[in-house]
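Here the structure comes first, spelled out in structure tokens, and everything after it is commentary.
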Amino acid sequence: MNLVIPHGFEANYTVGFARGLAANGIDLMVASDDDIGPRLADAGIAHRNLRGSLDPSRRTLEKAINIVRYYLRLLGVIVEYRGGTLHFNGLLASRAILLDGLLLPPWLRLWAGRYVHTAHNALPHGREKSGLFRRMYRWIYRFPHTIIAHTEKVARQLEEEFGVTRDRIIVISIGLNEEMPTTDLSMPAARVRLGLPERGPIALFFGKLEPYKGVDLLAEAWGSVRTPGSHLVIAGWCPDQPYAEQVRSAISRSPRASTMEWREGFVPNAQVALWLRACDVVVMPYRNIYQSGVVFLCLRFGIPIVATDVGSLSEYIDDDSGIIAPPDDPDAFAAAVDRFFASCNRFDREAIAGQALKYSWDRQCLRVRHLYQ
């Protein structure tokens with residue numbers, strides 16, 4: 001049997017990927033935790049809970065004991081599944097990169113019939129200029145038999161900056177986020193449910209707030225948006241408190257502060273469709289990115305996007321599904337938002353969702369099925 005190791009990575013991605021493999025007839029075991037374990041079981045996918053609770057409110061000692069127990073279990077399970085395909089499709093821990101980076105890749109290579117590594121990004125966010133991380137990832141990328149990248153940009157970076165030969169790289173897209181339940185509510189009903197303005201266009205920033213996502217630039221840009229009655233909602237949480245204060249300050253300074261609101265907190269899966277139904281457009285003012293799961297979430301629900309031209313976003317957002325704006329330019333982003341609101345009727349949500357079916361996990365995993373046989 002084949003072993004997939006998410007290493008605590010994003011739950012919806014992990015479950016979607018595992019379901020895609022299972023739909024293509026692959027026998028697999030997923031190293032799970034308290035969050036994804038029940039969801040994998042509901043999908044009929046074998047899993048073993050190695051990590052337990054990921055609750056951030058746990059005491060420090062409890063977290064330390066849990067992580068030590070997890071690594072000991074993980075090292076043992078890798079040996080247990082020796083000879084099969086061992087697929088590490090999570091993220092190596094940046095705060096423990098000397099442990100994760102030095103230990104896990106050679107251990108996986110030692111025991112795997114085929115060692116597969118998913119490079120979500122060539123380097124972790126915020127570590128692009130770190131000499132230590134560049135040296136560590138050059139070491140890390142030496143060991144996998146095959147590396148899966150989700151964009152051609154990452155594939156080229158692996159070749160040019162890390163010496164990975166092209167025959168070791170396979171590029172597949174991120175799959176559609178099909179784990180989110182849909183809603184039958186109309187846009188007005190969804191707005192009422194969420195306590196949003198019932199009239200006027202609404203732009204939504206959705207998800208975790210981090211500096212590279214440029215929410216502070218979005219707040220600045222919104223001050224120049226001229227569409228009458230327009231409203232901006234930021235729905236998500238920010239673990240970086242200094243950055244959270246920066247965003248709050250940018251909102252309060254804006255001449256259109258009264259038309260912006262930040263609904264702080266994690267948005268559970270059950271509410272995602274509600275937020276997407278309530279908005280006219282999702283805005284992504286990113287400073288830098290390789291790819292984003294938010295794009296595929298929007299495509300699945302047929303939601304148009306206004307995004308900056310960074311990473312591979314423009315490969316997935318075309319003239320029928322959104323508008324691309326220059327990065328790091330609040331005025332240009334504001335103009336793109338106004339341009340969208342002026343022509344929003346030309347964006348067909350059903351057509352966007354229909355075109356997005358090519359990104360289903362079933363279809364993407366078909367392209368890597370041979371790695372597991």
Side-chain angles (χ1 to χ4, degrees), residues 125-126 191 194-197 200-267 272 275-276 278-299 301 303-314 316-317 321-344 347:
H125 289 303
R191 290 185 176 188
L194 293 169
L196 297 174
I202 292 180
L204 173 68
F205 176 92
F206 175 84
K208 186 178 179 181
L209 280 70
E210 296 184 87
Y212 75 88
K213 294 185 178 180
V215 185
D216 55 311
L217 295 178
L218 174 61
E220 182 181 349
W222 194 256
S224 300
V225 171
R226 298 183 179 184
T227 302
S230 56
H231 195 82
L232 170 66
V233 182
I234 300 166
W237 81 108
C238 183
D240 182 338
Q241 287 308 306
Y243 185 62
E245 289 302 320
Q246 185 179 342
V247 172
R248 293 189 190 100
S249 177
I251 293 173
S252 65
R253 292 195 311 267
S254 172
R256 300 194 68 219
S258 62
T259 66
M260 286 185 273
E261 61 176 304
W262 180 6
R263 300 283 185 93
E264 293 192 52
F266 177 77
V267 179
V272 170
W275 280 102
L276 294 178
C279 74
D280 294 276
V281 63
V282 166
V283 287
M284 301 176 63
Y286 291 8
R287 289 184 167 95
N288 59 77
I289 192 72
Y290 289 97
Q291 75 282 322
S292 171
V294 173
V295 169
F296 297 92
L297 180 63
C298 292
L299 293 177
F301 283 92
I303 309 302
I305 303 168
V306 174
T308 46
D309 190 8
V310 294
S312 301
L313 297 187
S314 63
Y316 303 102
I317 303 168
S321 58
I323 295 175
I324 297 293
D328 297 311
D329 189 335
D331 289 338
F333 198 81
V337 172
D338 280 327
R339 194 159 67 252
F340 172 82
F341 286 145
S343 61
C344 61
F347 294 95

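- Proximity of Val272 to Leu297: side-chain heavy atoms (C-beta onward) are separated by under 4.5 Å at one or more points.
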The test is side-chain contact (heavy atoms from CB on, under 4.5 Å); show your working for Ser312 and Tyr290 and say whether it passes. CA-CA 6 Å; Ser312 301; Tyr290 289 97; 5.9 Å; no
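- Heavy atoms only, all atoms of each residue included: Ser252 and Ala257 are closest at O-CB, 4.3 Å.
- Residues passing the side-chain contact (heavy atoms from CB on, under 4.5 Å) test with Pro255, sequence neighbours excluded: none.
- Looking at Ile202, Val283, Leu204 one by one, the single match for side-chain contact (heavy atoms from CB on, under 4.5 Å) with Leu232 turns out to be Val283.
- Side-chain atoms of Val295 and Cys298, non-hydrogen and from C-beta on, never get closer than 4.5 Å to each other.
- The backbone N or O of Gly236 lies less than 3.5 Å from no partner atom in the side chain of Lys208, so there is not a single donor-acceptor pair.
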Working note: His125 + Ile289, criterion side-chain contact (heavy atoms from CB on, under 4.5 Å); need CA distance, chi angles, decisive distance, verdict. CA-CA 8 Å; His125 289 303; Ile289 192 72; 3.7 Å; yes
Enumerate, atom names and distances included, each donor-acceptor pair closer than 3.5 Å involving a side-chain atom of residues 328-339, sequence neighbours excluded.
from	atom 1	to	atom 2	distance (Å)
Asp329	OD1	Asp331	N	3.3
Asp329	OD1	Ala332	N	3.1
Asp338	OD1	Arg226	N	3.1
Asp338	OD1	Thr227	N	3.0
Asp338	OD1	Thr227	OG1	2.6
Asp338	OD2	Arg226	N	3.0

Got a list of side-chain donor-acceptor pairs under 3.5 Å for residues 217-225, not counting sequence neighbours?
from	atom 1	to	atom 2	distance (Å)
Trp222	NE1	Thr259	OG1	2.9

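- Residues passing the side-chain hydrogen bond (donor to acceptor under 3.5 Å, both in side chains) test with Ser230, sequence neighbours excluded: Arg256.
- In this view, Ser343 and Arg346, Phe347 satisfy the side-chain contact (heavy atoms from CB on, under 4.5 Å) rule, not counting sequence neighbours.
- What you find for Leu194 and Ala278 is that their closest heavy atoms are CD1-CB, 3.9 Å.
- Contact of the Pro211 side chain with the Asp240 side chain is registered, since non-hydrogen atoms from C-beta on lie closer than 4.5 Å.
- We find the CZ-CE distance between Phe206 and Met284 to be 11.5 Å, quoted to the nearest 0.5 Å.
- With sequence neighbours excluded, no residue forms a side-chain hydrogen bond (donor to acceptor under 3.5 Å, both in side chains) with Tyr316.
- Note that CG of Leu313 and CD1 of Ile305 are 8.0 Å apart. Values are rounded to the nearest 0.5 Å.
- In this structure the side chain of Glu261 reaches within 4.5 angstrom of the side chain of His231, judged on heavy atoms.
- Side-chain contact check for Phe340 versus Pro304: some heavy-atom pair is nearer than 4.5 Å.
- At least one side-chain heavy atom of Arg263 sits less than 4.5 Å from a side-chain heavy atom of Leu196.
- In this structure, Trp237 and Phe266 have perpendicular ring planes: the angle between them is above 60°, well past the 30° mark.
- Closest non-hydrogen pair, Arg191 versus Pro197, comes out as CD-O, 3.1 Å.
- The closest donor-acceptor contact from the side chain of Thr308 to the backbone of Val310 lies at 3.5 Å or more, if one exists at all.
- Residues that satisfy the side-chain contact (heavy atoms from CB on, under 4.5 Å) test with Glu264, not counting sequence neighbours, are Arg248, Trp262.
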Derivation and outcome, side-chain contact (heavy atoms from CB on, under 4.5 Å), residues Cys279 and Ile303: CA-CA 8 Å; Cys279 74; Ile303 309 302; 4.1 Å; yes
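- In this structure, the side-chain hydrogen bond (donor to acceptor under 3.5 Å, both in side chains) partners of Asp216, at least two apart in sequence or on a different chain, are Tyr243, Gln246, Arg287.
- In plain terms, the two heavy atoms of Pro201 and Pro228 that are nearest each other are CD-O, 4.0 Å.
- Counting heavy atoms from C-beta on, the side chains of Glu210 and Cys238 never come closer than 4.5 Å.
- Val215 has its side chain within reach of Ile234: a pair of non-hydrogen atoms, C-beta onward, lies under 4.5 Å apart.
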